[in-house]
Amino acid sequence: MSVTNNEQSILKLANNLVNNISESELSIYDEITVGDPNYWIPSRELELLLNEKLCGIDLGSYPNRTRSKIVKQLVCKAIGYPCPSSFKKTKPRFPGQNFDVATQKSNNFQPVNESISPSRRYVLIRPSKDNIIQKVRVVPGTMLAALDTTGKLTVKHQATLHINQNTATELVSQEDTNVLKPLVSSTVSIPSIVSPIDYPSRDCIMSIQTIYEKLKTVVGKSFNDAGIDQERNRGAQLHNLVCQSLGYSSYKDDGRFPDLTHQLLEVKLQTSPTIDLGLDVPSSIEKLELPQIDGVNIRVCDVRYAIFYGSIEDGKVTITNFYLTTGEDFFSRFPQTQGNVQNTKLQIWLKKDFFD
DNA sequence: CTAACCCGAACAAACTTCCG
DNA sequence: CGGAAGTTTGTTCGGGTTAG
């Protein structure tokens with residue numbers, strides 16, 4: 001890649017701005033007027049500067065949130081600001097220069113709990129699969145807003161898992177809900193042709209006690225950690241293990257709720273206390289979009305939730321705890337997160353050639 | 001068949017409250 | 001008042017499904 005003369009002169013100007021900033025007492029939180037000749041870094045200059053200083057850096061293998069912090073520190077350094085010990089939750093994160101930073105291994109850009117601000121700038125950083133920074137783009141909010149064609153917000157709720165150190169397994173609900181109870185059995189065997197994502201049917205639904213007995217055996221088992229930023233794939237491994245333990249001959253997940261539709265069972269892997277719940281609130285009496293069973297509609301609160309807690313050590317996930325509850329009783333054991341209660345995010349698909 | 005969509009996966013940083 | 005403990009928000013990854 002050759003640097004043109006034009007780019008050279010922009011870079012020179014940009015470096016002057018960086019010098020001005022580092023010689024000032026300014027922090028990233030101090031306001032700068034847009035276009036200020038001494039301190040404001042225009043987008044073109046910002047992009048060139050960040051490409052110049054960040055490309056080639058190995059970000060290492062960290063969880064998303066840690067990597068994000070590392071990148072923000074790198075950005076501070078690159079443009080002459082001191083690194084704060086923590087990055088305040090301001091909007092945007094870099095108020096002085098009016099920009100946000102996102103590192104995107106994938107093309108799915110997801111601002112949480114806020115919409116795209118047209119005048120704000122967005123610094124998007126593309127690392128390679130092995131975490132080497134390849135490219136930095138600085139774009140105005142208007143450009144990202146144009147890519148948001150649907151405005152669809154994804155919703156999630158959360159709860160907290162308090163671990164009781166003394167008990168490895170807990171059956172939170174002694175019985176299924178009144179609606180489900182008549183439909184379950186303690187003597188179910190799964191025909192090899194059925195898939196975990198088939199609709200549930202009469203005589204095929206295990207009682208919550210049966211599920212508890214079968215899934216207890218998962219505690220103590222371990223499997224390979226798919227990678228620090230591979231939560232989805234890691235969860236899938238547990239899901240697979242659960243299917244096996246319940247007697248399914250195949251593993252299948254279509255991303256719908258509940259995971260194991262055929263048993264009205266939702267499975268979660270936790271290695272930290274925050275439980276993410278997606279759109280559905282477990283205690284909700286909303287009907288699931290499933291065929292009725294004996295004329296009965298299954299509701300969200302009838303679904304059974306299997307929560308597994310695991311620890312990660314040298315590349316292996318080991319399951320240490322297991323909890324099983326109905327949706328109805330869920331919040332009695334796992335308190336719902338207060339505050340926003342509901343978090344939303346936009347999901348904006350960057351064009352394939354966005355970073356080219 | 002491909003691109004777009006969006007659903008869901010789960011963890012750690014940041015913030016708040018509690019306790020000495 | 002400072003650190004610990006608890007709570008809440010933010011970060012971003014990947015897969016299945018659907019629209020074109």
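In what follows, every chain begins at residue 1, and chains take the letters A, B, ... in the order their sequences are listed. These values consider heavy atoms only, across backbone and side chains, with no hydrogens, waters or symmetry-generated copies.
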Would you say the side chains of A/S192 and A/S249 form a donor-acceptor pair under 3.5 Å? no
Quick check on contacts: within residues 217-247 of chain A, what sits under 4.0 Å from DNA chain B by heavy-atom distance? A/E231, A/R232, A/R234, A/G235
Please tell me whether A/T154 and A/Q347 have a donor and an acceptor in their side chains that are separated by less than 3.5 angstrom. yes
Is it true that A/E266 and A/R304 have a side-chain N and a carboxylate O under 4.0 angstrom from each other? no
For A/N224 and A/K316, does a side-chain donor sit closer than 3.5 Å to a side-chain acceptor? yes
Could you check which residues of residues 114-130 of chain A get a heavy atom under 4.0 Å from DNA chain B? Sort them by number, please. none
Contact class for A/K252 (heavy atom, under 4.0 Å): base, sugar-phosphate, or nothing? nothing
Under the criterion side-chain contact (heavy atoms from CB on, under 4.5 Å), which of A/I307, A/V172, A/L171 is the partner of A/L324? A/L171
Within residues 266-274 of chain A, those residues having any heavy atom closer than 4.0 Å to DNA chain B are A/E266, A/K268, A/L269, A/Q270, A/T271, A/S272, A/T274
Do A/E286 and A/R299 sit within salt-bridge range, that is, some charged N less than 4.0 Å from a carboxylate O? no
What do you reckon, are the aromatic ring centroids of A/H262 and A/Y199 less than 6.0 Å apart? no
Side-chain heavy atoms of A/K221 within contact of A/T318, under 4.5 Å: no
Categorize A/N108 for me: base, sugar-phosphate, or nothing, with a 4.0 angstrom heavy-atom threshold over every strand shown. base
Sequence neighbours left out, what passes ring pair (Phe, Tyr, Trp, His ring centres under 6.0 Å) with A/Y39? Give chain and number order. none
For chain A and DNA chain C, what are the first and last nucleotides along the strand, 5' to 3', with at least one atom under 4.0 angstrom from a heavy atom of the protein chain? C/dT7 to C/dT17
Distance-only side-chain donor-acceptor flag, A/N343 / A/N113, under 3.5 Å: yes
Mind checking what makes salt bridge (charged side-chain N to carboxylate O under 4.0 Å, His left out) contact with A/K216, not counting sequence neighbours? A/E213
Which of residues 322-352 of chain A sit near DNA chain B, with a heavy atom under 4.0 Å from it? A/K345, A/Q347, A/W349, A/K351, A/K352
With sequence neighbours excluded, residues passing salt bridge (charged side-chain N to carboxylate O under 4.0 Å, His left out) with A/K156: A/D276
Going by distance alone, is a donor N or O of one side chain under 3.5 Å from an acceptor N or O of the other, for A/N164 and A/R333? no
Would you please say whether a donor-acceptor pair under 3.5 Å links the side chains of A/N108 and A/S106? no
When rounded to the nearest 0.5 angstrom, what distance separates CG in A/L48 from CD1 in A/I10? 6.0 Å
Comparing A/R65 with A/V155, nearest DNA chain B nucleotide closer to 5' gives the residue A/V155
Chain A on DNA chain B: first and last contacting nucleotide, 5' to 3', under 4.0 Å to a heavy atom? B/dA3 to B/dC15
Donor-acceptor side-chain pairing of A/K351 and A/N107 below 3.5 angstrom: no
Which residues in residues 281-291 of chain A have a heavy atom closer than 4.0 Å to any atom of DNA chain C? none
Closer than 4.0 angstrom, basic N to acidic O: yes or no for A/E114 and A/K345? no
Is the ring pair A/F308/A/F322 parallel, tilted or perpendicular, if the boundaries are 30 and 60 degrees? parallel
Would you check if A/L260 and A/L246 make a side-chain contact, meaning some heavy-atom pair closer than 4.5 Å? yes
A side-chain contact here means heavy atoms from C-beta on lying under 4.5 Å apart; do A/S117 and A/Y122 qualify? yes
Would you say A/V123 and A/V139 make side-chain contact, with heavy atoms under 4.5 Å? no
Results of side-chain hydrogen bond (donor to acceptor under 3.5 Å, both in side chains) for A/T169 - residues two or more places apart only: A/Y212
Given A/D229, which of A/R234, A/R67, A/K105 fulfils the side-chain hydrogen bond (donor to acceptor under 3.5 Å, both in side chains) condition? A/K105
Ordered by number, residues from residues 77-93 of chain A within less than 4.0 Å of DNA chain B (heavy atoms) are A/S86, A/F87, A/K88, A/K89
